[in-house]
Undergrad: 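Please see the structure below; I have some questions.
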Amino acid sequence: MALQMGASVRRVEDYRFITGQGTYVDDINRPGQSYAVFVRSPHAHAKIKSIDTSKAAKAPGVVAVFTGKDTAADKVGGLICGWVVKSKDGQPHKAPAHPVLALDTVRYVGDHVAMVIADTLGQAKDAAELVEVDYDVLTPVIDPVAAVKAGAPLLHADAPGNVCYDWELGDKAATEAAFKSAAHVVKLDLYNNRLIPNAMEPRAAIGEYDRATDTLTCYSTSQNPHVLRLILCAFIYGMPEHKLRVVAPDVGGGFGSKIFCYAEETACTWAAKKINRAVKWTAERSESFMSDAHGRDHQTHAELAVDKDGKFLGLRVSTVANLGAYLSTFATCVPSYLYATLLAGQYTTPAIYAEVKTAFTNTAPVDAYRGAGRPEATYVVERIVEIAARQLKMDPAELRRRNFIAPGAFPYQTPVALQYDSGNYNLALSEALKLADYAGFQARRAESERRGKLRGIGFAAYIEACGIAPSAVVGSLGCGVGLWESAQVRFNPTGSVLVYTGSHSHGQGHETTFAQVVADKFGIPIENIEIVHGDTSKVPMGMGTYGSRSLAVGGSAIVRACDKLIEKGKKIAAHLLEASVQDIEFAEGNFKVAGTDKSVPIGQVVFTSYVPHNYPKDLEPGFEESGFYDPLNFTYPAGTHIAEVEIDPDTGVIAVVNWAAVDDFGKIVNPMIVEGQVHGGIAQGIGQALLEGAVYDKESGQLLTGSFMDYTMPRADDLPSFKVGTTETPCPHNPLGVKGCGEAGAIAAPAALMNAITDALGTEIDMPATQEKVWRAAQNRRMRAAAE
Amino acid sequence: MPKVSMTVNGKAVSAEVEGRTLLVQLLRDQLGMTGTHVGCDTSQCGACVVHVDGRSVKACTMLASQAEGSQVTTIEGLAKDGKLHPMQEAFRDNHGLQCGFCTPGMIMSALELVKHKPNPSEHEVRDWLEGNLCRCTGYHNIVKSIQAGAAAMRGGK
């Protein structure tokens, strides 16, 4: 049978999606369910003087109205942040209370004030209008730099100066010394714009209570149902984990925003027991804008020390990051350990020092969004390297080459904690140069100029740390959980296979990719394999999907379970073939006595294990094994993206005319799916660079970009088709040799595109490069040219 | 409550609805046809596109009562006798979907495009899709799928 690894197998899951048979949370309806609507704060910062729910409670169809007093009375804990980051002084980050429903203060527009439950959604909405809240409005602070200045309005009494932590990484003295010896110092100030993830499926939840067994069920649009169960039980409800089932069925995209434990599913599930009725909530898009965790929002100053030959000597980076009003589930690790540890990029820069101050502001919580910290790091490194090339008048490809970590230098210890395992950065760059026809760029630029257009080209040679993560490493850095993954592989007596994985697919195609891995392992057809995920009552254990970890960690757990089954199969086969276990080999679906033609197919071995009439005496029946996999290191996908733009100086319109991406993801199981992941990542990166930006009014704290009419999502006609290639240096430490492909595009694209745009304009602008900004820059360029 | 009657995917249906009930709410909540999705509240995302009397319509932008007496086709009504529509096949063959949430709207919208332009160029497809958002695919494979689906519908596969 042909191997599945490396084949672009059509996706198993697609049939249900293209026929409208997918089952997302909002498609589920439970018997007798009621509907919840949340009353949200219209103010960015206010004291709650009083809440009058009496009119709402009497409205038609209303079942209950709950406020923070009710959750507090039931001892419902606050939402938690699971990663402790220590400040320079050794103190843990400030973790102010994050109540599920506000107690006495609201801290962002959209903060949860009350929950109205009614028989129908319409009745719940009508009644929510009747909840009267008397606010004492306070001055908000929106900008993180303003928030940490003396005299700024204070959000939390236990977070003085609105600082969550003031953290550092790297060798400060060595970095200072590097700058003293530098021939050139390149400086850059940048804003990494705040983004709203906007998975197309809005978040949703259904809480349900079963009195007979005293068991709760939470249907949730979650990327990690077991993690949600752990947080809800251990930290919020204080109940045994086996009494809560979390179901995350088909989930319509996540991009990080559905990792976290939010107020809504917490409140719905709690309320379901309270009223002994299922409670359903589905976000309207405006609620998603207001209350999904946002991403990015960094203000950074960076300096690069370079010697006379263009070798990087040192990098120092100072960042203020916005964490919003409260800490979301993994907020603290994103602008610290997922960010500054990547500041070495693909380069041998010997000395790096980074300091990050994180601020509370009156905005929605900020947490991981596709790439999470690594796009921000790549943006710093690849922008400053490109600017260095311009200032040194060097070819940007040549400057990068001069500083790349050599293919023979792995494992390579960076000065910012990580040990890169493998890579060939020059190869990816060279391939990308070919794919982009870099040699022909100057001719294309001249041709554009003849038509009065500005053409620019930009590089991003990115690296990321994925396959998150070795538990001991992240534990030593403050993470509150282990980041292994688990799998269970079970053959049915008649030969079909069920694979239970703790990874969660919300578009990634695990049902296909994982089945390909298992098909090859056992030499069986892919049609005989079913991948089961997203239900804590079916899948024994799991840590979920984020940080491009599913195949590297979850897939490796599946491989472990498969290997155990093959070992067991050898014992059964040895018995059936009357041979020694040591002599049994397994290949292409057959157990064989080495060097003979005696063999038994796996189907017969499986059947024998369930009908053990003639069976090894000391062996358990059955053909089912579990595997846990804790990675030995992160994986390090890397590559080069090259963007080419043509700008109309009269209108400021940017056409992205060419995109070449060459990525090293190690071994690839399904090239079609991998390319799709790259396309989607690039699109989100282009969105960040050109179109997207969450904007709050600085005075009132109102979210100005609160709908698809105000927040510009990339549309089909904003984007080009992409040229995508790969190189392959297998990951040396996981059994599949894979590195992870989910985030690369979003990490590489913003830097590549902004390098291209600023190349065309000859001047710096910040993201998003809107038409107006670009037009102004183009006009200034014209005036400068005229003056010269 | 007023009663509305219409034909959905070839079947006569009727239901009592509030005046404010949207067509998409009738389809999803009362008729249990959850293939049509709701991705926004401003008629921007296009996840809810269905056909009403042969024209593509955002079902979140139309009251159920406005569809009185109409012929409505949803994503569930495209496959005939267990055989997928060529546009559905094209999305599967070309990896034109990831999470699947925008997909029903994309397919229904694409069919309207092909009605007007049986052989759409890449530019025409991208231009047409301004009313349909996808966050997963970067549109690259959606564009490919629609062109392949159009070709299959012309019989020139």
Side-chain angles (χ1 to χ4, degrees), chain A residues 8 10-11 13-24 26-29 121-122 197-202 250-255 282 284-286 288 506-509 672-673 675-684 686 707-709 713-722 724 745, chain B residues 18 20-21 25 28-29 32-45 47 74-79 84-85 87-89 91-105 107 122-123 125-144:
Chain A
S8 287
R10 273 194 333 186
R11 297 203 320 171
E13 43 274 84
D14 283 358
Y15 185 84
R16 65 176 186 271
F17 294 132
I18 56 179
T19 54
Q21 305 303 317
T23 306
Y24 303 87
D26 190 56
D27 300 339
I28 295 170
N29 294 297
L121 180 59
N198 277 318
M200 291 317 301
E201 180 208 22
D250 287 327
V251 172
F255 315 112
T282 303
E284 297 196 346
R285 181 56 61 181
S286 56
S288 309
H506 28 281
Q508 295 90 339
M672 176 191 82
I673 288 177
E675 284 178 18
Q677 290 292 311
V678 173
H679 297 158
I682 295 171
Q684 286 179 9
I686 292 176
S707 80
F708 285 146
M709 297 201 289
M713 292 275 280
R715 289 169 194 261
D717 58 357
D718 295 315
L719 301 173
S721 284
F722 309 110
V724 174
Chain B
E18 287 187 67
R20 62 183 170 179
T21 300
Q25 291 171 323
R28 288 181 55 78
D29 302 338
M33 309 190 74
T34 54
T36 303
H37 297 149
V38 179
C40 77
D41 44 15
T42 52
S43 295
Q44 303 279 305
C45 82
T74 71
I75 189 73
E76 289 98 334
L78 282 191
L84 291 176
H85 188 284
M87 190 59 79
Q88 290 173 306
E89 284 281 12
F91 269 71
R92 182 162 67 164
D93 289 344
N94 293 282
H95 191 29
L97 61 148
Q98 291 182 24
C99 81
F101 196 80
C102 75
T103 311
I107 291 174
E122 176 179 346
H123 177 78
V125 176
R126 287 184 182 277
D127 195 50
W128 176 262
L129 290 180
E130 67 166 10
N132 291 79
L133 291 175
C134 169
R135 194 57 151 168
C136 294
T137 64
Y139 304 98
H140 182 111
N141 286 340
I142 291 178
V143 174
K144 244 170 84 179

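A, B, ... follow the sequence lines: proteins, then strands. Residue 1 opens every chain.
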Undergrad: Any chance you could measure B/Asp93, atom CG, to B/Asn141, atom CG, to the nearest 0.5 Å?
TA: 11.5 Å
Undergrad: Using side-chain heavy atoms (C-beta onward) and a distance below 4.5 Å, is A/Gln508 in contact with B/Cys136?
TA: no
Undergrad: Under a 4.5 Å cutoff for heavy-atom pairs, which residue among A/Ile673, A/Val251, A/Asp718, A/Ile686 has the most contacts with chain B?
TA: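 When all of A/Ile673, A/Val251, A/Asp718, A/Ile686 are compared, A/Ile673 has the most.
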Undergrad: Which of parallel (below 30°), tilted (30 to 60°) and perpendicular (above 60°) describes A/His679 and B/His140?
TA: parallel
Undergrad: What part of B/Arg92 lies closer than 4.5 angstrom to a heavy atom of chain A: side chain, backbone, both or neither?
TA: both
Undergrad: Using a 4.5 angstrom heavy-atom cutoff, name the option from A/Tyr15, A/Tyr24, A/Phe17, A/Phe722 with the most pairs to chain B.
TA: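 Of the candidates given, the most pairs with chain B belong to A/Tyr24.
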Undergrad: Do A/Ser707 and A/Arg285 touch side chain to side chain, with heavy atoms closer than 4.5 Å?
TA: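 Not in contact.
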Undergrad: Determine whether A/Met200 and B/Cys45 make a side-chain contact, defined as any pair of heavy atoms from C-beta on separated by less than 4.5 Å.
TA: yes
Undergrad: With a 4.5 angstrom heavy-atom cut-off, is it the side chain or the backbone of A/Asp26 that approaches chain B, or both, or neither?
TA: both
Undergrad: What residue in B/Cys134, B/Gly39, B/Gly100 has the most heavy-atom pairs under 4.5 Å with chain A?
TA: B/Gly39
Undergrad: If you measure from CG on A/Leu121 to CD on B/Gln25, what distance do you get to the nearest 0.5 Å?
TA: 7.0 Å
Undergrad: Side chain from CB out, backbone as N, CA, C, O: work out which of these in A/Leu719 comes under 4.5 Å of a heavy atom of chain B, or both, or neither.
TA: both
Undergrad: What residue, out of A/Met672, A/Gln684, A/Arg11, A/Glu13, has the most heavy-atom pairs lying under 4.5 Å from chain B?
TA: A/Arg11
Undergrad: Name the option with the most non-hydrogen atom pairs under 4.5 Å to chain A; the candidates are B/Gly35, B/Cys40, B/Gly32.
TA: B/Cys40
Undergrad: Checking heavy atoms, do the side chain of A/Phe708, its backbone, both or neither come under 4.5 Å from chain B?
TA: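 Both the backbone and the side chain of A/Phe708 come within 4.5 Å of chain B.
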Undergrad: What part of B/Thr103 lies closer than 4.5 angstrom to a heavy atom of chain A: side chain, backbone, both or neither?
TA: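 Just its side chain gets close to chain A.
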Undergrad: List the steps, then state whether side-chain contact (heavy atoms from CB on, under 4.5 Å) holds for B/Trp128 with B/Val125.
TA: CA-CA 5 Å; B/Trp128 176 262; B/Val125 176; 5.7 Å; no
Undergrad: When heavy-atom pairs shorter than 4.5 Å are enumerated against chain B, which of A/Ala199, A/Pro197, A/Ala683, A/Gly22 gives the highest number?
TA: A/Pro197
Undergrad: Can you name the side-chain hydrogen bond (donor to acceptor under 3.5 Å, both in side chains) partners of A/Thr23, sequence neighbours left out?
TA: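 In terms of side-chain hydrogen bond (donor to acceptor under 3.5 Å, both in side chains), with neighbours along the sequence ignored, A/Thr23 is linked to no residue.
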Undergrad: With respect to chain B, which residue among A/Ser286, A/Gly681, A/Ser288 yields the maximal number of heavy-atom pairs within a distance under 4.5 Å?
TA: A/Ser286
Undergrad: Quick check for you: among A/His506, A/Met713, A/Arg16, A/Glu675, which has the greatest number of heavy-atom pairs under 4.5 Å with chain B?
TA: A/Met713
Undergrad: Chain A heavy atoms under 4.5 Å from B/Glu18: which part of the residue, side chain, backbone, both or neither?
TA: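 No part of B/Glu18 comes within 4.5 Å of chain A.
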Undergrad: Measuring heavy-atom distances to chain A, does B/Ile142 have an atom under 4.5 Å in its side chain, in its backbone, in both, or in neither?
TA: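 No part of it gets close to chain A.
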Undergrad: Do A/Pro202 and B/Phe101 have side-chain heavy atoms sitting under 4.5 Å apart?
TA: yes
Undergrad: Look up atom CD1 in B/Ile75 and atom OG1 in B/Thr34, then write down how far apart they are to the nearest 0.5 Å.
TA: 12.0 Å
Undergrad: For the residue pair A/Gln21 / A/Thr19, report whether a side-chain donor-acceptor contact shorter than 3.5 Å exists.
TA: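 Not at all, the side chains of A/Thr19 and A/Gln21 share no donor-acceptor pair under 3.5 Å.
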Undergrad: Flag the one option from B/Asn132, B/Thr137, B/Leu129 with the top tally of heavy-atom pairs under 4.5 Å to chain A.
TA: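 Among the listed options, the one with the most contacts to chain A is B/Thr137.
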Undergrad: Using non-hydrogen atoms only, which part of A/Gln677 is less than 4.5 Å away from chain B: side chain, backbone, both, or neither?
TA: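 Both backbone and side chain of A/Gln677 come within 4.5 Å of chain B.
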Undergrad: Should A/Ser721 and B/Glu122 be marked as a side-chain contact (heavy atoms from CB on, under 4.5 Å) after you check the CA-CA gap, both sets of side-chain angles, and the distance that decides it?
TA: CA-CA 9 Å; A/Ser721 284; B/Glu122 176 179 346; 3.0 Å; yes
Undergrad: Given that the side chain runs from C-beta out, which part of B/Leu78 has a heavy atom under 4.5 Å from chain A: side chain, backbone, both or neither?
TA: neither
Undergrad: Can you tell me which of B/Thr74, B/Thr21, B/Asp41 forms the most heavy-atom pairs within a distance under 4.5 Å of chain A?
TA: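 Max contact count across the listed options: B/Asp41.
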